[in-house]
Colleague: 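Just passing along the structure, written as structure tokens.
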Protein chains: 2
Amino acid sequence: MQKPANGRKRVVIESVEPQIEAGRYPIKRILGDSVQVEADVFADGHDHVTARLLFRFDEISEWASVAMQQLGNDRWRAEFPVARMGEYLYTIAGWIDHFDTWRSDLEKRIAAGQDIRVDLLNGARLIQQAAERAGRDDADALRRWATHLEDTESPEAAQAAALDPALAAMMSLYLDPALETRYERELRVTVDREKARYSAWYEMFPRSTSAEPGKHGTFKDAEARLDYVARLGFDVLYLPPIHPIGQAFRKGRNNSTTAEPGDTGSPWAIGAKEGGHTAIHSQLGSLADFRHLLLAAADKGIEMAMDIAFQCSPDHPWVTEHPAWFKHRADGTIQYAENPPKKYQDIYPLDFESSDWQGMWDGLRDVFRFWLEQGVRIFRVDNPHTKSFPFWEWCIAELKRDYPDALFLAEAFTRPRVMQRLAKLGFSQSYTYFTWRNTKQELTEYFTELTQNRVHEYMHPNLWPNTPDILHETLQIGGRPAFIARIVLAATLGPNYGIYGPAYELLENKPLRPGSEEYFNSEKYEIRQWDLDAPHSIAGIIANINRARRENPALHASHELHFHPTDNPYLIAFSKLSADGSNIVLTIVNLDSFHRQSGWVDLHLDALQLRPNESFQVLDELSGARYLWQGAHNYIELDPGRIPAHLFRVLRKVRSEKDFDYYQ
Amino acid sequence: MQKPANGRKRVVIESVEPQIEAGRYPIKRILGDSVQVEADVFADGHDHVTARLLFRFDEISEWASVAMQQLGNDRWRAEFPVARMGEYLYTIAGWIDHFDTWRSDLEKRIAAGQDIRVDLLNGARLIQQAAERAGRDDADALRRWATHLEDTESPEAAQAAALDPALAAMMSLYLDPALETRYERELRVTVDREKARYSAWYEMFPRSTSAEPGKHGTFKDAEARLDYVARLGFDVLYLPPIHPIGQAFRKGRNNSTTAEPGDTGSPWAIGAKEGGHTAIHSQLGSLADFRHLLLAAADKGIEMAMDIAFQCSPDHPWVTEHPAWFKHRADGTIQYAENPPKKYQDIYPLDFESSDWQGMWDGLRDVFRFWLEQGVRIFRVDNPHTKSFPFWEWCIAELKRDYPDALFLAEAFTRPRVMQRLAKLGFSQSYTYFTWRNTKQELTEYFTELTQNRVHEYMHPNLWPNTPDILHETLQIGGRPAFIARIVLAATLGPNYGIYGPAYELLENKPLRPGSEEYFNSEKYEIRQWDLDAPHSIAGIIANINRARRENPALHASHELHFHPTDNPYLIAFSKLSADGSNIVLTIVNLDSFHRQSGWVDLHLDALQLRPNESFQVLDELSGARYLWQGAHNYIELDPGRIPAHLFRVLRKVRSEKDFDYYQ
């Protein structure tokens, strides 16, 4: 067996965390975060070991570094800040610290009253060796230290010099690089802007925004809706596809396979003779209108998100321009989408085993580029799990190289491993199973899984109580209390969440048929008219929820998400802290839409940073009510006829300088 | 960003288990074991996926493979046998199985009564493509199948051919290698002979084996002791170092720093003018005598283990031959061992940062080689954690390449990460903290850690209730009951265990001073005379324990080690199963050496493969007594005045062919 290049390196570095699949994928962080890194660092024998965390922005070739601290049991920790969007690298270096070992031994010898003359000379030799590695000024200084230690005439001065902390500090700068152990991998961090972790989405069909009944809405109409969306407090406005809609096999109302004249078709049947993924459906307006909408939204603090659905109607220009991008049947026709025995003849999927996969990858990337050039920075990607993983990894890296502020939401309602893979390979946000997690046990288990293991290192969940595809039976049956409970859960469990409106705030809950999760008269297949001022609208409650989110930093992340036990299976209670611990939010929801539920919550006071028996206030951000609580055991009563949730800000009593109590 | 070489590969393979530090180190297995491997294997979309586990002995370049089975949630599993000592490699390959997807879709189309003519042609095309990849005979067969499917004149025959399992079986052999995803790492397994996992060690100072009081024992005397060791049932006889002992700073009796004339010194102060690590202490005999002892032991089923302690007395030849292998103090003297303020001037440690590290590594390896050439195959390595890790990894790999049956026991009583690292890099067995784990809670936690997480993939623990360095206070104070309890625990918790005798069976328990773990009149520093026939000897009990180990395969590994609750904190109960489940051993020990203890054990019947309320026998291998038990709740009473342990073989009732009940 070959010997290693340098067998004198004795330090071991292993079990470095965080890392995803042995560093194959980056972890994710947000601008301004710190990355806390831990590792086992040790060596043979009893020599002292030292370790530094190395980090750099990927365009900078020099490593910066910070000393790691020992946690015990050979575990070390340090952290570094991420101050730029893009990719950082980090790794760890370790050394035997011979000087520190020598110094610590010297102290023991002195304490035991031993003769240390030879030891001082040993130390001087270490200092001389370090001087060889130092720049001129420090080398001179080190040689002066060495001379002190070698001065046998003045043993007391030599001993004092040997133990001088200034010497130790300088020596720590000149560890022998020839004996440095470098961790075998460089690990990566993708740094996104804050919206990757904290955002409130509103999905809206622009064609349903006209004030005139029956008329096809336009971007201008959508622009007129911006004030409403801003009033509700959302900061991302997401539009379903805005491209020309195919005529071939167009779907009729309620997903009928035969369209009637005048049926508008599904926006996801993308492409017609007017164009494909870079064209705009003419009834919505022009590209200039779209850009105008983008800017108008930005003025109101709203960012537009665009739908990218890589599939084609039979009329899409790619079908004739790039036939190799599609599968062909033995009879020469192009393979339509199907889930046998079901056929979706209005859709041609792309073939990711195409012989022209390289041309197709470029073409798909260029769709994103086109819209990035128009100013779009957020993309909700439709069914990414039916396109190949290597494509996404390459495509997102390509795009983020030029647009590090671009964000990608993966709409993948599929198996856990597939959803996780998409997050690992670059998607910024991920749809989740939240829509189908409704009981206390389901919610507790699922959010424990998402936040309390390695998944949170690379996945930013985005929670949707409804989408145009999913009207869950909880909403169908539960009505208004369920709509309120579910949006409170989404908005507080998820720093990212969204609703499909105005269906949501208007409590639209009629399914296509009993047992179906499809909407009746779904906007996917027709233009709808919405009465935004209807008295049953919960728009005001939603606006209040979003205000509470903005004002409580604890809801901007999932830091220390903690579930608190209650004695009632319908009452769920959980809390979060802001990263600095100064803001604490406690959410309690009645999951029963039909009955008033009451019971006792047993707060884990540690998780709320409260002392045992401390009295504190909880301020309900939804009702404005305040309660005075003490200790862990507190009574809850929630009535679905009113608002079936508390969104409590926890206020600890603080003694003011003037000796009055107040809460903060 | 660069595109991958082949972007058409759609399968993902990840989270492959077992692997140690991303495949940096091998897992360990024993000849005849199976290696069970699991992985997440999946792809985008809904196409069917297939996976194979690839494996090969490292000298064979061709992979063998076995189909993996789906476990659900995208997890797959398969296993392969290891039939040779040395190193195996394994990895995983995955494919989209287009034919299987097509076939499954076809069945759904047929069930729905759809027109399948074009689908049959699609299938024929897949078969033609596979024929291109097949050898001539199979290619011809495949083309005949394709012709059947293309025969539009006989639609029923075509459909039958399409669904013929023989066609599916043949198609599964010719998946497109161009679209194969190969897992990114090749993982390794070290395969040892069974003694790596299952062995009973007896440590004995050969110089204390003379029949004549005061006389220095020889290898011939040790040979005369073999029958005794064999009677006790041990299969490894381990001798402390047998090399010339230094004169400089020789230690006297009871570790005195001044030796009296005639003091024999410590065998670990290796080297004198007569020679070093490849020489033999002349009072023990010659190299020929040593080889004779080796063969005589083998005749009795006992394998000799040798002590390798890489440290030198100041008289060792290496000190003058290889001064660069040692650290030098500033006054030109060689640095002796120390733990300031303590000095060990009789020992020079080796310097693993030596400029001649390559020469030193070769020299140390050659020590092992010398003894391997004499026929030694088991080495107990003294303090390996004070020698560098890269050295051990290289050295053990070098030696096992030529001697795959060589075994190395790491004597590293140090921090967990260091002990684990030594096991990872190649040590076959590891000393453990067993000696210091004495209460029920300590034992339960420690053995759960060793057997129920990844550590068991690479570490074979070896449990010692005593060593010449460690006389635990449990033995000092507990006396005979403690000696019996501790050896029962070691022999049943550890498929590898050992004792330092005859001190152990003769209940030697006087410490150097109160509070010390050192023996009084330790054999490390003097010759001892042992009365093997003393009436208080527990040799008979030990022989019985070792017989029970041999006869119960459950004790040859730690398969399904399971702790069962008892209602008495002094009563510990645990069980193991043989790999095939046919042998079950349940050990129950009274950890109180002073009082009779009784209580109830609540057996986890699943772990014992018993049905609820089943009645069964437990046969105590130590006393020969049988008890008839039923269900989980059973009464235990153990008296330290007799034997404070049950070593139960669990016998299930089996109905014989003649309709009598018997137990097995």
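Not measured: the values here are computed from a predicted model. The analysis underlying the following values was restricted to heavy atoms, covering all of them including side chains, and did not include hydrogens, waters or symmetry mates. Note on naming: letters A, B, ... go to the chains in the order of the sequence lines (proteins, then strands), and numbering restarts at 1 for each one.
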Colleague: Using heavy-atom distances under 4.5 Å, tell me whether Ala412(B) contacts chain A through its side chain, its backbone, both, or neither.
Modeller: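 Nothing of Ala412(B), per the 4.5 Å heavy-atom cut-off to chain A.
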Colleague: Using the ring of each side chain (for Trp, its six-membered ring), is Phe427(A) parallel, tilted or perpendicular to Trp392(A), with breaks at 30° and 60°?
Modeller: perpendicular
Colleague: Measure Thr333(B) against the heavy atoms of chain A and call it side chain, backbone, both or neither at under 4.5 Å.
Modeller: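 For Thr333(B), neither part sits under 4.5 Å from chain A.
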Colleague: Could you tell me which of Arg24(A), Glu107(A), Gln358(A) has the largest number of non-hydrogen atom pairs under 4.5 Å with chain B?
Modeller: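 The residue among Arg24(A), Glu107(A), Gln358(A) with the greatest pair count is Gln358(A).
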Colleague: Report yes if the distance between the aromatic ring centroids of Phe368(A) and Phe310(A) is under 6.0 Å, otherwise no.
Modeller: yes
Colleague: Given heavy-atom pairs under 4.5 angstrom as the criterion, report whether the side chain, backbone, both or neither of Arg417(B) touches chain A.
Modeller: both
Colleague: Of the backbone (N, CA, C, O) and the side chain (C-beta and beyond), which part of Trp394(B) lies under 4.5 Å from a heavy atom of chain A, both, or neither?
Modeller: both
Colleague: Of Asp105(A), Thr101(A), Asp100(A), which is the lone residue that meets side chain to side chain donor-acceptor pair (under 3.5 Å) with His48(A)?
Modeller: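 Of Asp105(A), Thr101(A), Asp100(A), side chain to side chain donor-acceptor pair (under 3.5 Å) with His48(A) is met by Asp100(A) alone.
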Colleague: What is the ring orientation for Phe391(A) with Phe352(A), classed by angle as parallel under 30°, tilted 30 to 60°, or perpendicular over 60°?
Modeller: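 Phe391(A) and Phe352(A): tilted rings.
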Colleague: If I measure from the heavy atoms of chain A, does Lys3(B) come under 4.5 Å with its side chain, its backbone, both, or neither?
Modeller: both
Colleague: Using non-hydrogen atoms and a 4.5 Å limit, figure out which bit of Asp351(B) sits close to chain A: side chain, backbone, both or neither.
Modeller: neither
Colleague: Run the ring-ring contact (aromatic ring centres under 6.0 Å, His included) test on Tyr25(A) and Tyr458(A) for me, step by step, so that the C-alpha distance in whole Å, both residues' side-chain angles and the decisive distance to 0.1 Å come before the verdict.
Modeller: CA-CA 9 Å; Tyr25(A) 293 105; Tyr458(A) 58 82; 8.3 Å; no
Colleague: Of the listed residues (His385(A), Arg125(A), Arg117(A)), which shares the most heavy-atom pairs with chain B below a 4.5 Å separation?
Modeller: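 The option with the most such pairs is Arg125(A).
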Colleague: Is it the backbone or the side chain of Asp40(B) that comes under 4.5 Å from a heavy atom of chain A, or both, or neither?
Modeller: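 The side chain, not the backbone.
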Colleague: For the interface with chain B, which of Arg75(A), Gln2(A), His98(A), Lys9(A) has the highest count of heavy-atom pairs at distances below 4.5 Å?
Modeller: His98(A)
Colleague: For chain B, which of Leu121(A), Val118(A), Leu106(A) has the most heavy-atom pairs under 4.5 Å?
Modeller: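 When all of Leu121(A), Val118(A), Leu106(A) are compared, Val118(A) has the most.
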Colleague: With a 4.5 angstrom heavy-atom cut-off, could you sort out which part of Arg421(B) is near chain A: side chain, backbone, both or neither?
Modeller: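 Side chain of Arg421(B) only, per the 4.5 Å heavy-atom cut-off to chain A.
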Colleague: Top residue by heavy-atom pair count (under 4.5 Å) with chain B, among Lys108(A), Glu353(A), Arg185(A)?
Modeller: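 Ranked by heavy-atom pairs under 4.5 Å with chain B, first place is Glu353(A).
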Colleague: Angle class for the Trp102(A)/Phe99(A) ring planes (parallel below 30°, perpendicular above 60°, tilted otherwise)?
Modeller: tilted
Colleague: For the candidates Pro416(A), Cys395(A), Pro341(A), which exhibits the highest count of non-hydrogen atom pairs separated by less than 4.5 Å from chain B?
Modeller: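 Option with the top pair count is Pro341(A).
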